[in-house]
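Chain letters run A, B, ... following the sequence lines, proteins first and then strands; every chain starts at 1. Note that these values count all heavy atoms, side chains included, but never hydrogens, waters or copies made by symmetry.
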There are 4 protein chains.
Amino acid sequence: MSQRTEGAARRSERAQAQSERILRAAQKCFIEHGFHAAGMALVAKTAGMNPSLIYRYFPGKSAIILAIVERQLVHARASIRALHDASDFKESMIEAFCLWRDADPDMMNAALFLEMSAEASRDPVIAAGLRASDQAIRDELAAWLSASAADGGKGLPPELARIRAITLQTFMEGLAIRSLREPDIPLAELSATVTDFVDRLFSNPGLGSVTQ
Amino acid sequence: MSQRTEGAARRSERAQAQSERILRAAQKCFIEHGFHAAGMALVAKTAGMNPSLIYRYFPGKSAIILAIVERQLVHARASIRALHDASDFKESMIEAFCLWRDADPDMMNAALFLEMSAEASRDPVIAAGLRASDQAIRDELAAWLSASAADGGKGLPPELARIRAITLQTFMEGLAIRSLREPDIPLAELSATVTDFVDRLFSNPGLGSVTQ
Amino acid sequence: MSQRTEGAARRSERAQAQSERILRAAQKCFIEHGFHAAGMALVAKTAGMNPSLIYRYFPGKSAIILAIVERQLVHARASIRALHDASDFKESMIEAFCLWRDADPDMMNAALFLEMSAEASRDPVIAAGLRASDQAIRDELAAWLSASAADGGKGLPPELARIRAITLQTFMEGLAIRSLREPDIPLAELSATVTDFVDRLFSNPGLGSVTQ
Amino acid sequence: MSQRTEGAARRSERAQAQSERILRAAQKCFIEHGFHAAGMALVAKTAGMNPSLIYRYFPGKSAIILAIVERQLVHARASIRALHDASDFKESMIEAFCLWRDADPDMMNAALFLEMSAEASRDPVIAAGLRASDQAIRDELAAWLSASAADGGKGLPPELARIRAITLQTFMEGLAIRSLREPDIPLAELSATVTDFVDRLFSNPGLGSVTQ
DNA sequence: AATGAATGAGGCTTCATTCAT
DNA sequence: GATGAATGAAGCCTCATTCAT
C-alpha cells in the first residue's frame, strides 16, 4: 500500500467515523425534537463539534435526514430478521414493541419511524427509499412464512404467505404508534394482545397452525 | 332579536367562519409540509388573509396545531363509530384505508395522524389529548365487541373484547402507515389482507385462548 | 340656546368626558409600562372602550402622550403651589416625596415625570412645553421667595430668590428620582434629609432664617 | 504562547471588541430613541453589522439594556469619585452638570439615567442593580464627608454625613433632570446656584441640627 | 481538519392605524 | 358614536449556510 493510498484510507476512516458521530447525534436530536425543530447547531453541539464542520461531511441538513432514514431502514430490516430467527415468535414481537418504545437512540425509533413515514408523502426520494425497503422486508417475511417447517418456516402457500406478510407488517407498524401514544400501557395487556393476535393468525382452520 | 343581539350573533358567525377558514388552511399546510415546516405566512396565504389577522382568532401557532389535533381526534372517533355501525365489517375497514389514503383535506389524514403521534412524544398537552381519545375509542370498540350479537355486537367476553379492541386499533393504525408508505398498493391485495385478518380474528375456534 | 347649539354643547361635554376617560387610562398604562411599551390596545381596554374609538378623540398615540405631558405639567404647578401655601414648608416637602412615590394614577407621577423629561431631549414639542412650564414654576417660586414675610413670603432679595428657586426645583426633582430608585427608603431618614436641607438653605448667615 | 492559546486570546479580543461596538451603538440609539423605541435593527445598523450577529454576543435585547445600565452605573460611580477627589468641590459639581448635558455618547448620559430610573419601577433586575449602586455611591460619599479635613474630608459626624450624602445625591440627580429640561440654561446662573447650594450646605453654623 | 465570524432569509408575533358598517 | 375586521409595517429572534483563517 503506497503512502498516498494509506493516507487516503486513513482519511477515509476518519471521515466515516466523523460521519457516524454526526449521524448518531442527529438521530438523537431528531428523536427528541423532530426533523425540523432540531437545528444544525444542536446537532453539532450534541456531536461535540463545530456546526461548520458538519458541512465537510454532509452537503446539508436534508442529506443528514436522508442518511438517518436509510440507517433506520437497515435497522428495520435487522429487526424483522430477528423476528423470524427467534425461537419464540410471540415473545419476539413483544420485544419488538419494547424496542419501539425504549428508544435506544442508536436503533430503530418509533417517533423517527413515524416522521419518516409522514415525510414520505412529501419527499419523493424518501418515498422511494421506504417503498423499496418495505418491499424487501415483505419479501423476506413472505419467504419465511412460505418456507417449510423443516426450514424453520411456517409452510403457508405462497399467496397466503404474501397476504400474511402484509398483515404482520401492518400490525407491527401499528405497534409503533401504540408505543408512542400509550408508552405506559401495561406490558401484560400488550402481551395478551400480541399472543391472541398471533394465535388467531396462525391457528387451526386448516391453514397450518404455527403458534409457538 | 334585538339589533344588538343580532349583531353579536352575526359577529359570532363570522368569527367561527374565519376560524374554520384558518383551520382548513392550516390543515392543508400541515399535511403538505408538517407542523413545524409550515409557517404562519403560508397558512395565512392559503387562507387568503393577512397573517396578523390569524391572531385575532387564535392566540398562536401552537393553538392552531392543538385545534387541528382535536379535530382529527373527533374524526377518528367518527371513523371508528362508522366501523361498527357498518353492515359489512370488512368492507368498512377497507374503506377506512381508502379514507386514510385519499386525504380529503378536511377529514382524517394519515400524515397528520402520524405527525400528531410523533409530536405526542414531545408535547405533553398533545400526549394527554391523544391518550384520552384513544381510551375513549378503545372503550367504544370493546363495548361493541362484547355486546351480544342481537345488539349488533360480537358477543365476546369482556376481557377478550378489550384485548381485541387493542388489536383492531393497532391494525387500523398500521393501515394508516401503509397508506402513506404504499399509497399505490393494489386494492385487491389490501382487500385480501383485511379479509383474512378479520376472518382469522373473528372465526369460531373456541374464541381464541387469552394466554398468559 | 338653540337646539342645535345645545346639541353641540352636549356632544362637546360627552367628547370631553371620553377624552378624560382615555387620558386617565393612558396615564395608568404609561406609568405601568412606559410610553412605548404600553400599546393602544391596552389603553383602550383600560378605558373600557374599543381601540378605534380612541381615534375619534385623538389623532394618534403621540397626541395622547402630549396630552398626558400637559396634564402632568398642570399637576406639577399645583403641587408647587401647595408647597408654599403650606404652613409648614418642610413637612410639605416630605409630603411631596410621598406624592412622588405613591403614584396616584391621576396625579403627578415620578416615572412619568422622568420619562417626559427624557423624551424632551428627543421631541422638540415636548421640550418646549416643559421649558415653558418650568419657567412658570420657577417664576412663581421666586416670587414667593422674594415676597415679604408679611405677604407669606421669605423676603429674599430678588436675585437670590431666583437662584434659590432653581435649587428648590432641582432638589425636588431629585426627590422624584430617589422615590423611584429607593421606594422603600425609611421615611425618618428622608425626613431628616429634607429638614436638614431646608434648615441649611434658609438659616442664619444674614439672609433671613426662614425655617418653620 | 501556543498557537491555540494565541488563537483563543485573539478570539477573545475580537469578541470583546465586538461587544464594545454593539454597546456603543446601543447606547447611542437608546439615548436618541429610548430603550423601547430603539429597535435591534437600528442598533445593528448603527454598529455597522448584521442584526443576527448581535445575538452571537448578547442573548437578547434586554441583556444589552442591562449591560448599558451597568456601564452607566460604573460611570456614575467614577463621576462621584471625581467629585471628592477634586480640589474645588463647587467647580467639580458644575462640571458634573456639563457632563450630564453634553452627552458624550460613551459616558454617563442624563436621558439614559432617567430612563434607567423609570425602568427600575418596572424591571426588578434593573431595580436591584440601581439600588446596589446607589448604596455604594452613598457609602462612598458619606465616608468622604465624615473623614477628617486632614484626610481631604469634611469632618462631619457620621450621622449627619449620611444625611448630607443623600442630599448631595438628590441634588446631583436633580441636576441631571435640569440638564435635560433646560439644556441652555446660562452657565452663570447654574454656577451661582451650585455655589450657593454648596456654601449653604457646608457653612459653619453649628453644623446644622439634625431634627427629629 | 477545524474553527469562529458573518450573513440573509425567514420564523412567529404585535403594533398603530384604517375601514366598513 | 361606536364596533369588530382588517392591514402592512415592524418587532425580536433563529435558522441553515458560507467565509476566512
Participant: Here's a test for you: under side chain to side chain donor-acceptor pair (under 3.5 Å), which of R21(A), E20(A), Q16(A) qualifies with Q18(A)?
Facilitator: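 Exactly one pass, corresponding to R21(A).
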Participant: Grab the N/O contacts between the protein and nucleotides 18-20 of chain F below 3.5 Å, and write none if there aren't any.
Facilitator:
residue: dT18(F); atom: O4; partner: S52(A); partner atom: OG; Å: 3.3

Participant: Starting the side chain at C-beta, find the nucleotide from dC12(E), dA6(E), dT3(E) nearest to R14(D).
Facilitator: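 Output: dA6(E).
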Participant: If we ignore angles and hydrogens, is there a donor and acceptor under 3.5 Å between the side chains of R24(A) and Q27(A)?
Facilitator: no
Participant: May I have the distance from H33(A) (atom NE2) to dT14(F) (atom P), rounded to whole angstrom?
Facilitator: 14 Å
Participant: Does the structure show a Watson-Crick or G-U wobble partner for dG10(E), both distances under 3.5 Å? Name it, or say none.
Facilitator: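 Here dG10(E) is engaged in a pair, and the nucleotide opposite it is dC13(F).
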Participant: When the distance from CG of L53(D) to P of dC12(F) is rounded to whole Å, what number comes out?
Facilitator: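 Taking CG of L53(D) and P of dC12(F), I get 16 Å after rounding.
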Participant: For a quick check of understanding: with a heavy-atom distance under 4.0 Å over all strands, which category does Y57(D) fall into, base, sugar-phosphate or nothing?
Facilitator: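 Result for Y57(D) = sugar-phosphate.
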Participant: What closest approach, in Å, do S19(A) and Y57(A) show between heavy atoms, and which atom pair accounts for it?
Facilitator: OG-CB, 4.0 Å
Participant: Mind checking the CE-CD1 spacing from M40(D) to I22(D)? Nearest 0.5 Å is all I need.
Facilitator: 8.0 Å
Participant: Without decimals, in angstroms, what is the distance between K45(A) NZ and dG4(E) C1'?
Facilitator: 16 Å
Participant: Of the nucleotides dA16(F), dA2(E), dT7(E), which has the atom closest to the M40(A) side chain?
Facilitator: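 Shortest atom-to-atom distance from the side chain points to dA16(F).
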Participant: Please compare M49(C) and H36(A) by the position of their nearest nucleotide in DNA chain F and report the one closer to 5'.
Facilitator: M49(C)
Participant: Using a 4.0 Å heavy-atom cut-off across all strands, classify A38(C) as base, sugar-phosphate, or nothing.
Facilitator: sugar-phosphate
Participant: Only pairs with both distances under 3.5 Å count, Watson-Crick or wobble alike; so what is the partner of dA5(F) in this structure?
Facilitator: dT18(E)
Participant: Rounded to the nearest Å, what distance is computed from the CD1 atom of residue I54(A) to the C1' atom of nucleotide dA1(E)?
Facilitator: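 It works out to 14 Å between those atoms.
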Participant: Would you name the heavy atoms of A26(D) and I64(D) that are closest together and state the gap between them?
Facilitator: CB-CG2, 3.6 Å
Participant: Decide, yes or no, whether a salt bridge links E115(C) with R122(C) under the criterion of side-chain N to carboxylate O below 4.0 Å.
Facilitator: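 Here E115(C) does not pair with R122(C) in a salt bridge, since their nearest N and O are not under 4.0 Å apart.
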Participant: Is the shortest side-chain N/O distance from Q18(B) to OP1 or OP2 of dG4(F) below 4.0 Å?
Facilitator: no
Participant: What is the distance, rounded to the nearest whole Å, between atom CZ of F35(B) and atom C1' of dC12(E)?
Facilitator: 17 Å
Participant: Determine, step by step, whether F113(D) and L114(C) satisfy the side-chain contact (heavy atoms from CB on, under 4.5 Å) criterion, reporting the C-alpha distance in whole Å, the side-chain angles of both residues, the deciding distance to 0.1 Å, and the verdict.
Facilitator: CA-CA 9 Å; F113(D) 178 78; L114(C) 295 204; over 6 Å; no
Participant: Of all the choices, dA5(F), dT17(E), dG4(E), which nucleotide is nearest to the side chain of K61(C) once you look at every atom?
Facilitator: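 Among dA5(F), dT17(E), dG4(E), the one nearest the side chain of K61(C) is dT17(E).
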Participant: So which one's nearest nucleotide on DNA chain F is more toward 5', R56(B) or G39(D)?
Facilitator: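 Of the two residues, R56(B) wins.
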